[in-house]
Amino acid sequence: MAAFSATISDSSRFLSSTSLPKRKISAPSQCRSFSLSKPFPLSRSNIGSQLGGRKSLNIFVQASVSDISVEKSMDKVHLPKGDMWAVHKFGGTCVGTSQRIKNVADIIISDDSERKLVVVSAMSKVTDMMYDLINKAQSRDDSYISALDAVLEKHNSTALDLLEGDDLASFLSQLHHDVSNLKAMLRAIYIAGHVTESFSDFVVGHGELWSAQMLSYVVRKNGLDCKWMDTREILIVNPTSSNQVDPDFLESEKRLEKWFSQNPSEIIIATGFIASTPQNIPTTLKRDGSDFSAAIMGALFRARQVTIWTDVDGVYSADPRKVSEAVILTKLSYQEAWEMSYFGANVLHPRTIIPVMRYDIPIVIRNIFNLSAPGTTICRSASADVDGQNLDSPVKGFATIDNLALVNVEGTGMAGVPGTASAIFSAVKDVGANVIMISQASSEHSVCFAVPEKEVKAVADALQSRFRQALDAGRLSQVAVIPNCSILAAVGQKMASTPGVSATLFNALAKANINIRAIAQGCSEYNITVVLKREDCIRALRAVHSRFYLSRTTIAMGIIGPGLIGATLLDQLRDQAAVLKEEFNIDLRVMGITGSRTMLLSEVGLDLSRWRELLKQKGQVADLEKFTQHVHGNHFIPNTVLVDCTADSSVASCYHDWLRKGIHVITPNKKANSGPLDKYLKLRALQRQSYTHYFYEATVGAGLPIISTLRGLLETGDRILRIEGIFSGTLSYIFNNFTGTRTFSEVVAEAKVAGFTEPDPRDDLSGTDVARKVIILARESGLKLELSDIPVQTLVPEPLRATASAEEFMKQLPEFDKDLAKERQDAEESGEVLRYVGVVDAINQKGVVELRRYSKSHPFAQLSGSDNIIAFTTTRYKEQPLIVRGPGAGAQVTAGGIFSDILRLASYLGAPS
């Protein structure tokens, strides 16, 4: 099998190389220049140089090579190239078990291409096992022997499952021979206590040799013409200083022609990952080496396409572990794949694309475990996107890199000084750090760049040292490090020359309340890169993906106050959730519910069909701060809203802090907007300065569009002159029914029984609730009024205001019926009715709440039940006011008003309208 052999004798031990090709390949040692005709004695310095020089050994290396020069004339068999070749690459997971190797063979056999070149990795985990062997041997850990036995057993048992007869005997013979030689080599490493890279590469490459041989035997069992190729015979690469290798295509092509002339075949099973140097020293292709092998082979054969078989359905628009709505991209351009892979997307290593780009060979990413999935095609141009349909979105995908730090070099002395940037990055290069992104403003006042966090200390120290004189002199003001950063990159070939892409991206981030620390975009316009706080990264990724892909607008919700209104809202959300998801792409997830005593939290969203039951069973002690942190702390959902369904002023006092943290607020609670004027103004100023929304339609008129109507008038340039209305559903009901001979106390008692009043009717009759609504509308109209500035006519008789209980109040109320009865009688005699109204007089900058008389033809006299009615008198609607009328009280309509605000928020955050 191997024409090359090497002998290391230590106490009569003989070590020979394994599975090497029939050509001149030198041992990974100092033996490259020795004579091939006789044993070559390695001096102590020679072996010490290769194995580390830690132990003196009596070692000899003997080699015999069938030296057939590549330059000699070729046999008559010529290598055909072109579209008849299809290249397949199967990773370690694909050949991880005997059954999976059979599945791979089936795929190869079923491919109707005229000729096939198959690149295989080592079996799953084997490469790691081989590196572990080396680490244990050089650490002088005796368990390397048992670890090698485990490698042997893994391949031995796999071969027993796959092969039989002469094939099995031949493979097992080679396997045991290889393992025996590896054991001797590892023993030498163990004694020396050190190993060089070339020895390491030689050892770890055996996994690919074994998997390629087994697969070739399985394919041949089906009667097909198949040979296996040790790519160390073919692929010649030049190591670079950056732990990478550059293929020598010219030499590799010559050797491929030579190999094929001696091994003509329609199916070739080739080893991935491994290659040789120009000096014929075994080496590897480093990271993602098997993919690189397949791409190089595709270029050498001028193949029709290269198919990379893996365990995912293709390339996603974003990491599906972070964005559940990520979609498979059916096509990517080479440039897009290049950009996405650089920024951490699970695509390909950028260098994998280089060889195939030269010949416009498409790469197809397929899932070996889901053959029905078409996968992703990477080619010169990519017009189709998701599910074969063209998308308008210019952004194809998003990728992130975590664990970065931002280094900022700043100072006025940098401006216009040639060589500053060169000095900065020369210092960074000297410490071996990798610069991932660079950003500089045109003022030249500062340069910032991102490096891996583990390298930032060395970078900062190097810069401090290099620029010590400039820092001391003040030409540079600082070398600052901003830790805990992540990079988010948006990639798309159609981004080039498409206006508005950056605006859309930044708008989506702003609406998710995410701050951008640095920005970079190349002139190719294929990529926009932003640096963010690490804790914001996933939320940012979801926000921008949702915006560009019109995937579901997902909102994390916290419901505060599961009383009558809150409970009704939760039931409405439950009933409508499926429709919102399916028809409107809105995913509302209630992450928590809290009352004054108990709260219920969920990591993924509560089952709203059981929320009452769950609150009783799994509720914990209520803690509003903990509740807020939980709802807002879910990094997988970019948008958070807290819905306050209470009338609690202590909850309302939290709104400013919530908005400052980027939490949207929706509420029917009137306490914040009718509270102290200075706090109200700060709240509104904060809302206007940020992309955080504060909606409160239900504070006035429940579900009626009163606030939105008022805003619409003001925003379109109309001027409010007067707002007058019946704002209390309770008092509307009472005075609509306070007719004929009925007494006031009788109607109040009826309203209480019907559930129209608060538990204590004095809360309604005092007029304070109406006054709060008047203040809210007055402030919306631009008036700066305090609640105390509004005169309120209370309907609670003076003697009953201090009554201990609601029951006592109701018992004594009939004693005061005569006063209101007299007012009603006077009104009726004049053809009028009594109505309890609130008035905003914008001209005179004042407001009032009082009982007024209206003619029976007036719109306010036409009400029934508990309806509200509000009349807007403006410069446009001066002769005939604009009237909004409808149910203004009740849990269903109030909850509906809150729900409407929630959907308005979803629309603002990107949901289709």
Side-chain angles (χ1 to χ4, degrees), residues 670 674 699-702 704 706 722-740 742-752 754-758 760-778 787 789-798 800-801 809-810 813 816-828 830-841 846-873 881 883-890:
K670 293 176 278 293
S674 62
T699 56
V700 180
L704 295 178
I706 295 172
R722 181 184 184 88
I723 303 173
E724 185 174 1
I726 298 172
F727 296 104
S728 168
T730 302
L731 295 173
S732 176
Y733 178 87
I734 289 172
F735 283 98
N736 287 339
N737 289 279
F738 183 42
T739 57
R742 302 190 69 186
T743 64
F744 185 72
S745 60
E746 178 187 345
V747 177
V748 172
E750 179 182 282
K752 187 174 187 299
F756 286 115
T757 72
E758 295 292 335
D760 188 338
R762 285 175 293 186
D763 293 341
D764 298 295
L765 299 176
S766 68
T768 303
D769 185 65
V770 176
R772 289 188 180 277
K773 295 174 182 178
V774 169
I775 275 290
I776 290 171
L777 294 178
L787 186 61
D789 295 333
I790 306 295
V792 180
Q793 180 184 346
T794 177
L795 299 178
V796 180
E798 177 73 33
L800 300 185
R801 293 173 193 174
F809 168 77
M810 291 303 297
L813 185 60
F816 300 89
D817 281 342
K818 58 183 180 181
D819 293 336
L820 280 172
K822 176 70 168 58
E823 284 197 53
R824 178 183 63 188
Q825 182 180 351
D826 292 345
E828 287 179 348
S830 302
E832 296 174 329
V833 296
L834 296 176
R835 293 293 182 261
Y836 195 80
V837 299
V839 179
V840 176
D841 184 349
K846 65 181 183 179
V848 65
V849 175
E850 61 187 3
L851 189 65
R852 288 189 174 184
R853 290 160 57 167
Y854 293 89
S855 68
K856 291 184 179 180
S857 61
H858 194 281
F860 287 13
Q862 311 300 316
L863 288 185
S864 60
S866 60
D867 281 3
N868 282 189
I869 186 168
I870 295 87
F872 294 95
T873 303
I883 291 177
V884 179
R885 172 181 171 174

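Because only heavy atoms are used, hydrogens play no part in the values below, and waters and symmetry mates are left out as well, while side chains stay in.
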Are [X] and [Y] packed together at the side-chain level, in the sense that at least one heavy-atom pair is separated by less than 4.5 angstrom?
X: L834; Y: R853; result: yes
X: E724; Y: R852; result: yes
X: T743; Y: K818; result: no
X: V833; Y: K856; result: yes
X: Y854; Y: I726; result: no
X: I734; Y: Y836; result: no
X: V848; Y: D841; result: no
X: E850; Y: P791; result: no

Closest approach of [X] to [Y] (non-hydrogen atoms, all atoms of both residues):
X: G838; Y: F727; result: O-CE1, 3.3 Å
X: M810; Y: P761; result: SD-CG, 3.8 Å
X: N737; Y: Y733; result: ND2-O, 2.7 Å

Interatomic spacing from [atom1] in [X] to [atom2] in [Y] - rounded to 0.5 Å:
X: S745; Y: F738; atom1: OG; atom2: CZ; result: 9.0 Å
X: E828; Y: D826; atom1: CD; atom2: CG; result: 9.5 Å
X: I706; Y: I869; atom1: CD1; atom2: CD1; result: 10.0 Å
X: F860; Y: R885; atom1: CZ; atom2: CZ; result: 11.0 Å
X: L851; Y: T794; atom1: CG; atom2: OG1; result: 11.0 Å
X: L813; Y: E746; atom1: CG; atom2: CD; result: 11.5 Å

I'd like to know if the side chain of [X] reaches the main chain of [Y], judged simply by a donor and an acceptor atom lying under 3.5 Å from each other, with no hydrogens or angles considered.
X: T730; Y: F756; value: yes
X: S732; Y: N868; value: no
X: R835; Y: F735; value: yes

Result block: side-chain N/O donor-acceptor pairs under 3.5 angstrom for residues 763-771, not counting sequence neighbours:
unit_1: D764; atom_1: OD2; unit_2: E758; atom_2: N; d: 2.8
unit_1: S766; atom_1: OG; unit_2: R762; atom_2: O; d: 3.3
unit_1: S766; atom_1: OG; unit_2: D763; atom_2: O; d: 3.4
unit_1: S766; atom_1: OG; unit_2: T768; atom_2: N; d: 3.3
unit_1: S766; atom_1: OG; unit_2: T768; atom_2: OG1; d: 3.3
unit_1: D769; atom_1: OD1; unit_2: K670; atom_2: NZ; d: 3.2
unit_1: D769; atom_1: OD2; unit_2: K773; atom_2: NZ; d: 3.3

Only one of I775, V774, T873 clears side-chain contact (heavy atoms from CB on, under 4.5 Å) with V840; which?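 The side-chain contact (heavy atoms from CB on, under 4.5 Å) with V840 is passed solely by V774 among I775, V774, T873.
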